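Model, not experiment: these values are computed from the prediction. Every number for a ligand or one of its atoms is a count from 1 in the order of the listing.
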Amino acid sequence: MGSDLARDLGDVSLEDRLRLMVENASDIVYQTRGLDIAWISPSVTTVLGWTPEELIGGPAAALVSPNQNREWIDINRAKLAAGEDVYQELLLQAKDGSERWFAGTAHPYAADGVTGFIVGMHDITVKWQARNSLALVEELFRVTTHSAGEGIALVDSDGVIVEGNEALGRFVGRSEADLVGVGWKSLVHPEDAAEQLDMCAALLSGRESSHRTRVRFVHSSGSVLFGDLSVAVVRSGDGTVHRLVLQIVDITDQTRAQDQLTDLAMIDPLTALMTRSAVLGRIDEALTAGGGRRDRLGVLLVDLDNLKVVNESLGRDAGDEVLATIARRLSGAIDDTSFAGRISGKLFIVVVPSAGDIDGLVRSAERLNDVIGAEILVQGRRVLITTSVGAVMSRTGSIGMGLLRDADVALSEAKRRGGGRVQVFDEGFATAAVRRLVLEEELRDAIAHREFIVHYQPVVALGDHGRVGFEALVRWMHPVTGLRGPDAFLEVAEDSRQIRSIGAQVLRQVCIDLVEMPDAEVTMGVNVSAVELGDPTWLPGVLRVFEETGVDPRRLVFEITETAVMSSRRSLRSELQQLRDCGAGIHLDDFGTGYSSISVLRDLPVSGMKLDRSFVTMMSDRSGSGAALAEGLVGLAKALGIDGVAEGIETPDQADRLRDMGWTHGQGYHFGRPAPLSAWLTPQ
Ligand code: C2E
Ligand code: CA
Ligand code: CA
């Protein structure tokens with residue numbers, strides 16, 4: 001039969017063909033006689049470096065790494081001796097000492113009284129490493145997460161759960177075994193699922209490396225749960241194997257409690273009147289009822305002129321008693337259609353939907369004044385309270401917030417005229433000049449009552465989007481109209497030089513926040529205005545805050561604009577140098593918008609520049625001038641060896657382009673909007 005085949009295949013014998021195949025294969029083949037090697041394929045030499053002379057006649061075990069589990073080899077030998085084929089994965093050693101994984105079958109033979117086996121194996125090192133690191137990850141996961149308190153799941157690149165721990169099972173009402181093989185999306189509330197899938201895609205594509213959000217989950221019983229979800233990617237060395245690690249903290253109770261708090265926040269605990277936000281909601285409701293065709297609605301903002309005297313002479317408890325009494329009197333004096341609230345401190349509001357016209361509203365105000373003005377007995381003493389009232393009627397298109405603001409303007413005017421009176425809002429009050437005056441007075445109060453708070457916006461490294469710091473941005477918690485941004489008050493604060501006090505409060509707050517998070521490796525940018533820079537008491541004030549708060553100045557960066565620098569005094573250089581000597585950074589803000597940027601960089605001890613947002617916005621212009629400038633300016637920063645922060649990044653594309661140009665740091669809505677510090681700290 002052999003000769004038939006040889007004929008069919010032409011002149012080359014089957015044996016020759018087989019030899020050719022073995023000699024040219026990278027798979028290794030060897031044959032033993034007993035346990036000693038009798039023959040090796042040429043690939044044993046090309047792949048592992050051993051020559052026939054070195055191996056033939058010696059034990060087959062010489063090929064196997066000393067690190068290979070010997071027990072396993074013995075088990076396999078026993079099987080071979082029993083005449084079975086054995087599939088094995090072995091760690092072999094090359095002549096140069098390196099080791100590689102091989103897999104294949106050993107086949108026992110017996111002929112002419114000689115026994116042994118033939119082994120054919122191929123190299124699986126790469127596959128083995130990948131599979132093993134994955135197995136390692138999964139094993140590690142099982143061991144470390146089983147008893148963890150938060151829900152944890154390991155998910156493959158198709159979104160299917162590979163492992164889930166007990167806590168997760170408990171959270172969603174399934175057994176641990178029931179979690180495996182389930183698409184994790186099916187645990188998520190349908191309305192949140194799409195967003196979560198997008199997020200997974202971004203993580204798997206490498207666009208992002210981690211992610212954190214509040215997500216709604218669905219319990220097997222159908223109830224909705226809230227989870228704080230963090231997701232991270234696990235990638236093998238060659239980048240091919242993906243796992244997502246999901247961590248879910250149950251925040252259902254917390255979220256519900258917060259919702260209840262929002263309810264609570266509708267009622268002022270001291271006076272049992274509605275709070276500011278509740279009143280605002282009711283006004284807007286009343287205004288929209290009847291499609292806006294309804295009667296005009298009147299708003300009275302009532303301030304107690306002399307409560308301060310009561311607080312100071314009889315104590316705060318007495319003051320609180322007066323507030324509660326006045327609240328009761330207000331509620332008793334208004335008709336069923338009207339409602340009253342406490343806006344803040346000693347400021348009340350009465351909304352009169354059926355006032356008719358402004359004269360009717362003023363009459364209501366006077367009646368209320370009489371009621372409030374009647375003597376009050378506190379701690380055995382007679383107290384007389386006088387009030388100032390700002391009054392305004394709604395017009396077509398009015399909204400609650402606008403009415404509140406106008407009533408506030410009228411109230412300020414009433415106080416400016418000596419108090420104890422009702423002032424009707426007049427369009428004339430809306431003129432720029434009057435508004436400025438009013439604002440200036442309000443700012444004085446705001447500084448005294450410390451109404452300024454700090455929001456923080458993250459600054460990231462553009463390479464990996466890791467957070468390196470924050471910029472502190474001032475906000476005004478206005479008692480009547482709510483949160484206001486710098487646009488609403490900075491100009492007036494600078495003109496009136498009140499910015500000096502505001503800036504000092506901001507700096508102190510930032511330093512306190514830094515001291516309270518000693519481990520956070522972040523720097524905080526603080527804005528400094530021209531007025532502050534021009535003030536000889538500024539630097540000593542800053543140094544005092546350093547000392548009093550104990551902050552490490554190296555964690556601060558002062559942001560100054562070139563316009564501020566230009567309008568300032570000559571000693572600025574040495575003052576800024578003193579700050580640098582303490583370790584603080586100086587960044588030139590809104591870089592590129594002035595006329596003298598480059599000379600400022602040259603003359604002052606600046607440690608970085610912040611590319612103005614306008615360049616980043618302009619980058620997508622067809623002319624390409626924005627991009628060209630952004631690229632030129634980063635070259636300048638590099639040449640001077642200073643940091644470059646690009647501001648106003650709103651899209652991933654802008655972030656990538658700026659990074660490619662060489663900008664090392666970035667800031668903008670894409671990475672996070674300004675928010676209270678608590679929003680950036682992980683919950684305990
Ligand atoms: P700035 O120093 O240039 O601060 C950046 C401003 O850009 C912030 O406005 C920030 O909210 C906004 N912003 C950040 N990312 C983006 C984005 O991606 N797109 C857009 N459209 N805007 C973005 P904000 O908070 O209204 O502050 C305005 C300015 O007020 C600041 O400009 C700064 O000059 C001044 N300022 C803020 N806080 C203080 C302070 O404490 N002291 C002083 N003196 N000035 C301050
Ligand atoms: Ca700034
Ligand atoms: Ca800026």
Quick one: which of [options] has a heavy atom closest to [atom]?
| atom | options | answer |
| --- | --- | --- |
| atom 29 (C) of ligand 1 | P458, G503, P486 | P486 |
| atom 8 (C) of ligand 1 | V510, L473, T561, V454 | L473 |
| atom 11 (O) of ligand 1 | G672, P674, S529, G666 | P674 |

Using the six-membered ring wherever Trp is involved, compare the ring planes of [X] and [Y] and label them parallel, tilted or perpendicular (cut-offs 30° and 60°).
| X | Y | answer |
| --- | --- | --- |
| W476 | F489 | perpendicular |
| F546 | F558 | tilted |
| Y456 | F470 | perpendicular |

Problem set entry | Count of N, O or S atoms belonging to protein, less than 3.0 Å from the Ca ion (ligand 3) |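 Near the Ca ion (ligand 3), the number of protein N, O or S atoms below 3.0 Å is 4.
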Geometry only, no angles: is [X] polar-contacting ligand 1 at N/O separations under 3.5 Å?
| X | answer |
| --- | --- |
| H670 | no |
| E494 | no |
| D487 | no |
| Q667 | no |
| V474 | yes |

Exercise. For E195, does the CD atom sit with more than 12 other heavy atoms under 6.0 Å from it, leaving out its own atoms?
Worked result: no
Exercise. Within a reach of under 6.0 Å around CD of E548, are more than 12 heavy atoms found that belong to other residues, nucleotides or ligands?
Worked result: yes
For this session: Looking at E471, pick out the N, O or S atom nearest to the Ca ion (ligand 2) and give its name.
Result: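 It is OE2 of E471.
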Exercise. Would you call D589-K610 a salt bridge at under 4.0 Å N-O?
Worked result: no
Exercise. Under 4.0 Å from atom 18 (O) of ligand 1, is there any protein heavy atom?
Worked result: yes
Exercise. Within a distance of under 4.0 Å, is there any protein heavy atom near atom 32 (O) of ligand 1?
Worked result: no
For this session: Apply side-chain hydrogen bond (donor to acceptor under 3.5 Å, both in side chains) to N527 and E471, showing your working.
Result: CA-CA 8 Å; N527 291 287; E471 175 172 5; 2.8 Å; yes
Problem set entry | R475 to ligand 1, any heavy atom closer than 4.0 Å |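 The answer is yes: ligand 1 sits under 4.0 Å from a heavy atom of R475.
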Problem set entry | For atom 12 (C) of ligand 1, closest protein heavy-atom neighbour |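 Its nearest protein heavy-atom neighbour is R613 NH1, 3.8 Å.
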Exercise. Can you check salt bridge (charged side-chain N to carboxylate O under 4.0 Å, His left out) on R214 and D228, steps first, answer last?
Worked result: CA-CA 5 Å; R214 192 176 98 160; D228 178 42; over 6 Å; no
Problem set entry | Taking every non-hydrogen atom, the tightest pair across A564 and S529 |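 Looking at all heavy atoms of both residues, the closest pair is CB-C, 4.3 Å.
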For this session: Ignoring hydrogens and angles, state whether a donor on the side chain of S388 or D305 is under 3.5 Å from an acceptor on the partner side chain.
Result: yes
Problem set entry | Which of the ligand 1 atoms, numbered from 1, are nearer than 4.0 Å to a heavy atom of E532 | 44 (N)
